[in-house]
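Inspection log for the structure reproduced underneath, given as structure tokens.
Counting starts at 1 for both ligands and their atoms, following the listed order. Residue indices begin at 1 and follow the sequence shown.
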Amino acid sequence: MAAYVSALRAPSISSQSPLPKTFPNSLKSSNPLSATFPSKLTDGVCRFGAITCSSSNGNLPESINDEVRRFKRFLEEKRRAELASRIASGEFTVQRSGFPSALRNNLSKLGVRQDILNFIFQWFSDRDECPKIPEAKGAIKAIRTEPFFIPLYELYLTYGGIFRLTFGPKSFLIVSDPAIAKHILRDNCKAYSKGILAEILEFVMGKGLIPADGEIWRARRRAIVPALHQKYVAAMIDLFGQATDRLCKKLDDAASNGEDIEMESLFSRLTLDIIGKALFNYDFDSLTNDAGIIEAVYTVLREAEDRSVAPIPFWEIPIWKDISPKQKKVNEALKLINDTLDNLISICKRMVEQEDLQFHEEYMNEQDPSILHFLLASGDDVSSKQLRDDLMTMLIAGHETSAAVLTWTFYLLFKEPTVMSKLQNEVDSVLGDRFPSIEDMKNLKYTTRVINESLRLYPQPPVLIRRSLQDDMLGEYPIKRGEDIFISVWNLHRSIHLWEDADKFNPERWPLDGPNPNETNQNFRYLPFGGGPRKCVGDVFASYEVVVALAMLVRRFNFEMAIGAPPVEMTTGATIHTTAGLKMTVTRRVSPPVTPSYGIPVVKVGSSECISQADFELDQKGEIPNTRFFQQLGK
Ligand code: HEM
């Protein structure tokens, strides 16, 4: 199954009908080709340049290296432009049988424009009682070096909001249409499972919340969501501040020594430290420490990512899986993490047993406000193995996602200095010399918009994976049970049909006095945390985490790309990584020290409505959303 994901790195293409039937008419371009690739066709610059986000930092001297990079980039753009016009010409289109399709394909090869063909053949497709999903064939070697979601975008522009991508006997449905995404994720979610994703992640997450389906998922979601109640998240703000303060100290040293610093790995360590404390009260202290457990976490994380892009499921090959040094290392790492988690669970159990416990909806132990402590105190009747699976799942889900958001936000800010200075102005006036508190979250409006916009341009993860458990209708197309589906959040968030200046980093597109954008108020064109019952349980936690970190960092420092830094390009695992890090030069902005506020803030936010209760009620209707902090905070 991992091979499927891997295959998507290098699709080659064709379609049964390049007419994107799922586009509303108003969104259809009169000339798909010119609408899709305007700048490429008119000025020789492929619009994809903005998406691949190679960066020259402006500080680089004119050097041979620069020239080599520019030349490589030119070749890359040329290759893309050629590929795009080959897709649009129908070269890769899977032929439909029957006279109209044969005629259409022949006319297409003769160079008749797609919009004219669409017009002529509309009549035939209208009479087709059972329309077939446009189909593209995969195998283009020319694009195998790219993250797989990039060619999917080009295919989407040609084939529309739903198309089938086939690789030999295997095929995937690629969904980039908000209405179909809403149907799969929310309206008919019970008809879909996590499919391939669950198979790939089983080795590390077991039956944890992300891969689990059916009753196990339902029971675990009911147990876990209440743990992320308002008082808990408010307490976490303090933790975010303290962890970011440790990162600031590191940056301070770098600024004093004039050292450049690789931000992506620091963000990864920052969010690991946070999630360890937040989940099971364990201080990885990875910003200052390189203990074996940290290496073990990264070994397991990288293995999960490798498996998701592997050409064959190498970890299932008999004998080899037992003798491969890499697999041995992974197994040892897993054992170390599992032992550590088991140990933490026992320690926590003992704490709970000795506690004079009065459990209630917003229960929180002041010494150990972790999710694990809440779950044990709640009397959650669950095996240690299940608990471990859940903790491991959240450790992975809540670690690299937040780190990736911070990485790409800093990259985007570097490219848009006006946004950076507006952001710094807001942080200066809202925070002054304090650590952020829960109350500041509603006042850091522009900071939140910067994160909203960063999540639009770099969604983590860029695709959501599902498998149909029964026959269904997607838009006007019937589909069978057992279809593997990729909902491309990347395509939804970057669609030129759904967004004005889709590739532009423009936090102003979200009005400051408007609601916090989410899947509901954006009608599923915006899915930073997914949607429907399987929406992220950590959405509010993560939003505040990245807002606090961003605010504290830009308050104290200015960031520039380091001289000679490698270009910033994307590669993908579970989240979007850079290929060679985000190397920056950090300078101190203003000197007043930020005064830490210690202790757990117990701030009552908005109404006392209990998340678990609301969650439970909606669950009865088949939908379990998350906290409603943003609404309560008036965002
Ligand atoms: C900015 C950071 C984060 C982003 C962008 C993010 C994004 C997402 C998305 C898109 C999903 C839906 C996946 C799907 O439908 O297939 C998801 C699910 C999930 N996330 Fe997050 N997440 C973030 C942080 C966190 C944190 C901090 C936690 C834990 C505290 C967490 C725990 C989970 C869990 C457990 C699920 C599975 C929920 C279920 O299937 O019921 N996430 N996340």
Side-chain angles (χ1 to χ4, degrees), residues 181-182 184-186 189 192-198 200-201 205 207-214 216-225 227-228 232-233 236 239-240 267 270-272 274-280 370-372 374 389-409 448 451-452 454-467 485-490 492-493 518-519 524 526-550 574-576 615 619 623-627:
K182 192 204 278 184
I184 297 169
L185 295 176
R186 199 187 71 182
C189 59
Y192 295 89
S193 72
K194 290 288 180 95
I196 304 167
L197 189 75
I200 293 170
L201 295 177
M205 294 186 184
K207 296 265 176 278
L209 203 51
I210 286 188
D213 280 310
I216 296 186
W217 168 76
R218 185 166 280 270
R220 295 319 297 149
R221 175 112 189 172
R222 256 201 208 125
I224 289 169
V225 167
L228 288 113
Y232 168 78
V233 177
M236 290 301 108
L239 168 66
F240 304 154
F267 286 141
L270 169 71
T271 56
L272 178 62
I274 288 175
I275 201 77
K277 282 292 277 181
L279 284 179
F280 31 75
S370 70
I371 289 180
L372 172 62
F374 179 97
D389 286 350
D390 288 329
L391 294 174
M392 191 73 140
T393 299
M394 287 191 276
L395 179 68
I396 293 179
H399 168 210
E400 297 248 296
T401 41
S402 303
V405 174
L406 286 168
T407 301
W408 292 107
T409 303
T448 307
I451 296 296
N452 299 143
S454 166
L455 272 164
R456 187 183 68 80
L457 287 173
Y458 293 95
Q460 314 291 347
V463 295
L464 303 179
I465 299 177
R466 294 291 188 274
R467 181 176 290 155
I485 301 171
F486 283 58
I487 299 172
S488 174
V489 184
W490 176 275
L492 285 163
H493 285 193
N518 60 33
E519 75 288 1
F524 279 70
Y526 182 66
L527 299 172
F529 293 104
R534 304 219 56 163
K535 186 176 173 179
C536 178
V537 298
D539 58 346
V540 180
F541 176 108
S543 300
Y544 288 173
E545 177 188 18
V546 289
V547 163
V548 167
L550 175 62
T575 55
I576 309 173
D615 223 297
D619 183 20
E623 199 175 318
I624 311 177
N626 304 319
T627 50

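Counted by atom type alone, T409 and S454 present one or more donor-acceptor pairs between their side chains at under 3.5 Å.
Just one of F524, Y458, Y526 meets the ring-ring contact (aromatic ring centres under 6.0 Å, His included) condition when paired with H493; it is Y526.
Residues passing the side-chain hydrogen bond (donor to acceptor under 3.5 Å, both in side chains) test with K182, sequence neighbours excluded: N523. Applying the side-chain contact (heavy atoms from CB on, under 4.5 Å) criterion to M394, with sequence neighbours excluded, gives I224, L279, I371. Every residue two or more places apart in sequence or in another chain that forms a side-chain contact (heavy atoms from CB on, under 4.5 Å) with T575 is listed here: E305, E400, T401, A404, Q460, H577.
Across all their heavy atoms, Y232 and A278 have their closest contact at OH-O, 2.8 Å.
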Ligand 1 polar-atom proximity to protein (N/O, under 3.5 Å):
| from | atom 1 | to | atom 2 | distance (Å) |
| --- | --- | --- | --- | --- |
| ligand 1 | 15 (O) | R466 | NH2 | 2.8 |
| ligand 1 | 16 (O) | K194 | NZ | 3.4 |
| ligand 1 | 16 (O) | R466 | NH1 | 2.9 |
| ligand 1 | 40 (O) | L209 | O | 3.4 |
| ligand 1 | 40 (O) | R534 | NE | 2.9 |
| ligand 1 | 40 (O) | R534 | NH2 | 3.0 |
| ligand 1 | 41 (O) | W217 | NE1 | 2.7 |
| ligand 1 | 41 (O) | R221 | NH1 | 2.8 |

